[in-house]
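Here is the structure we will look at.
Keep in mind it's a predicted model, so treat the numbers as computed, not measured. Heavy atoms only: backbone and side chains are in, while hydrogens, waters and symmetry mates are out. Within every chain, numbering begins at 1; the chains are lettered A, B, ... in the order of the sequence lines, protein sequences first and strands thereafter.
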Amino acid sequence: MITKELICVNCPMGCRLKVEMEGKEILSITGNTCPRGAEYAAQECVRPMRILTSTVKIDHGTHRVLPVITDKAIPLDLMFKAMDEVRTVRVTAPVAEGQVLVHDLIGSGADLIASRSMEKN
Amino acid sequence: MRNYQAVIIGGGSAGLSAAVTLKKNGIEDIVVIEKDMEPGGILEQCIHNGFGLQTFKEQLSGPAYAERYVRMARELNVDIKLNTMVTKLTADRHISYVNPSEGAVTVSADAVILAVGCYERARGAINITGTRPAGVYTAGQAQRYLNIEGYLVGKKVFILGSGDIGLIMARRMTLEGAEVLGVAEIMPYSNGLPRNIKQCLEDFGIPLYLSHTVTKTYGRDRLEGIDIAQVGPDRNPIEGTTQHFDVDTLLLSVGLIPENHLADEAGIRMDPVTRGPVVDDYYMTSADGIFACGNGLHVHDLVDFVSLQAERAALGAVKYLQREGKARGNTIKVRPGEGVSYTVPACVHPEDPSGNVEFFFRVRKPMDEAVLEIRSGDKVLRTLKKRKLMPSEMERALITEKEIAALREEVTIAVREVQA
Ligand SMILES: Cc1cc2nc3c(=O)[nH]c(=O)nc-3n(C[C@H](O)[C@H](O)[C@H](O)COP(=O)(O)OP(=O)(O)OC[C@H]3O[C@@H](n4cnc5c(N)ncnc54)[C@H](O)[C@@H]3O)c2cc1C
Ligand code: SF4
């Protein structure tokens, strides 16, 4: 049996998780304050997944760029590929928070959504 | 002169939460004064996720979290003056502000809530020799440029200080195509949240140099390189440990300080450790009717606690307005004991308690296993086992209303390391 120590990155509480594994099988997960922590630990042992946040260009907005976020975590190893696509996105104000800007970003199953509303300037 | 029931200075998370709480408790004649062109405060540039898990049970980005509070404030018809800068506050609650439409105006208020946020320590605060070229920014400045103006400040980057903003910028600039060569931290432990060390540095293979500092900068007009060196226990560079990096950008993430000018000039008593005002259990400062909360009171790492604290400060103001005066009776001091650097609030009113009081404090150094002890004179009110304490993570401890009512002697909050 091996024991892995992980830090849950799901929220700033940063709970310290302990995963006990036998080969590829997870025997126990402890240290999480909420169920998200257990899900995170299980996934982290297979393929680390992260939420991506960035900005995209916006025309006629109150600012020049609009913050965006993926609606679910995507594989960490695809971050740079995802960024290549994010850089090509250009939207026009007004935009509402939660509005989908790209469906199924690089085939990850996650949508890229606006993380704030922005009025027309 | 226009008099308000309450004036809230600052329209960030703290100010908005305070305004919403005042309105919900029947204090109608209020105004929020914000110097920026939109409400939301620092969160507007914190586009990463991880906000609001406590408050909304969701993983929001900073702007999305702020938007929830802006919406609540708008629904309650909170008057927000934007592009308006408060230039002066007096202990008798006169507030002077300037804006393009009204010019310079002075108003008065029955209660004032300071929710002014914090600022970053800059190059002047640390000791680096060498040239003074362009390319040296605070991490927050670089964050603002990139996330609000869409401008990447450099391509080859080094970061001094392991504060959270620096760590978050390390990841953000890496994803934007910059090369981040490393982070140097003068202390033997990180100052950022463990989750940010993991997801911002380790995820991208960015090295963290603990017990290291930047000793020299090179370049005439634009930064061309830096030297870093290992430091000893006295935090002075050790000879022969110098490494050189060719970089065009140095980000400083070396600490945040409450925006304390207004309070200081009003003659409000300040805490030399937090650098913010000293407050009681109602979040009232040494000036009658002036309250403080959020990063302007002490630096927080979790916005959820900022919103919560602002709510409590607003409830303190409601009580003050309703009874037309401050809390009754004597005060009992609450002090940081062994292992603790500060406690907020700094005193309570046993004859007139504000309710259960949650104390915010930080430990002085990292501890693996420790015991938290709260005592009043010889009496031990609480002992709690704690694990993995870090100065970068704010701790909390609750004392109940009943316990406060029974207090006769000074309270100390101490954390002692124990061997596992
Ligand atoms: C870069 C950074 C990253 C963070 N990351 C996280 C995170 O991942 N998760 C998390 O939960 N928390 C995080 N935090 C903590 C949290 O976001 C902050 O603690 C919280 O938003 C602070 O709110 P505030 O209202 O106290 O201050 P601010 O948001 O700074 O608001 C203060 C407001 O007051 C205004 N103001 C100041 N002086 C005046 C004046 N004289 N006149 C008029 N207006 C004035 C300012 O313009 C500003 O809008 C982070 C903080 C920072 C700085
Ligand atoms: S386990 Fe839950 S509370 Fe703990 S860090 Fe993860 S998400 Fe946050």
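Across Arg172(B), Glu44(B), Gln45(B), the residue that shares the most heavy-atom pairs under 4.5 angstrom with chain A is Arg172(B). Of the listed residues Arg16(A), Arg87(A), Arg64(A), the one with more heavy-atom pairs under 4.5 angstrom with chain B than any other is Arg16(A). Of the residues considered (Lys388(B), His48(B), Met37(B), Arg387(B)), Lys388(B) shows the highest number of contacts with chain A, using heavy-atom pairs under 4.5 Å.
Only the backbone of Cys8(A) has a heavy atom closer than 4.5 Å to any heavy atom of chain B. Proximity to chain A (any heavy atom under 4.5 Å) is restricted, for Met390(B), to the side chain, taken from C-beta onward. Using a 4.5 Å cut-off between heavy atoms, Leu302(B) contacts chain A through its side chain alone, with no backbone atom that close. With a threshold of 4.5 angstrom between heavy atoms, Ile197(B) does not approach chain A through any atom at all. Only the side chain of Leu52(A) comes within contact range of chain B, with heavy atoms under 4.5 Å apart. For chain A, no part of Tyr151(B) is nearby; none of its heavy atoms comes within less than 4.5 Å. The contact between Glu38(B) and chain A is made entirely by side chain atoms (from C-beta outward), counting heavy-atom distances below 4.5 Å.
Without hydrogens or angle criteria, Arg195(B) side chain to Gly14(A) main chain gives no donor-acceptor distance under 3.5 Å.
A distance of 8.0 Å separates CZ of Arg171(B) from CE of Met79(A), quoted to the nearest 0.5 Å. The structure places CD of Glu176(B) at 4.5 Å from OG of Ser54(A), a figure rounded to the nearest 0.5 Å. Atom-to-atom distance recorded for Leu60(B):CG and Ile69(A):CD1 is 7.5 Å, nearest 0.5 angstrom. For the atom pair CG (Asn49(B)) and CD1 (Ile51(A)), the distance works out to 5.0 Å, reported to the nearest 0.5 Å. The CG atom of Leu175(B) lies 8.0 Å from the OG1 atom of Thr53(A); values are rounded to the nearest 0.5 Å.
For residues 196-207 of chain B, every residue pair satisfying the side chain to side chain donor-acceptor pair (under 3.5 Å) rule, not counting sequence neighbours, is listed here: Arg50(A)-Asp203(B), Asp164(B)-Asn196(B), Asn196(B)-Gln199(B), Lys198(B)-Asp203(B).
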Handout entry: Stepwise side-chain contact (heavy atoms from CB on, under 4.5 Å) check, Val65(A) with Ile148(B)
Key = CA-CA 6 Å; Val65(A) 292; Ile148(B) 295 191; 5.7 Å; no
Problem - Trace of the salt bridge (Lys or Arg N to Asp or Glu O under 4.0 Å) decision for Arg36(A) with Glu58(B) - result: CA-CA 11 Å; Arg36(A) 283 161 179 269; Glu58(B) 276 182 72; over 6 Å; no
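Annotation: Lys18(A), atom NZ; neighbour count of heavy atoms from other residues, nucleotides and ligands within 6.0 Å does not exceed 12. Annotation for Phe204(B): atom CZ counts as buried by contact number, over 12 foreign heavy atoms lying within 6.0 Å.
Close approach to chain B, defined as a heavy atom under 4.5 Å from one of its heavy atoms, is seen in Ser115(A), Arg116(A), Ser117(A) of residues 98-121 of chain A, taken by number.
For Glu149(B), the salt bridge (charged side-chain N to carboxylate O under 4.0 Å, His left out) test picks out no residue, with sequence neighbours left out. In this structure Arg71(B) satisfies the salt bridge (charged side-chain N to carboxylate O under 4.0 Å, His left out) test together with Glu97(A), Glu67(B), sequence neighbours excluded.
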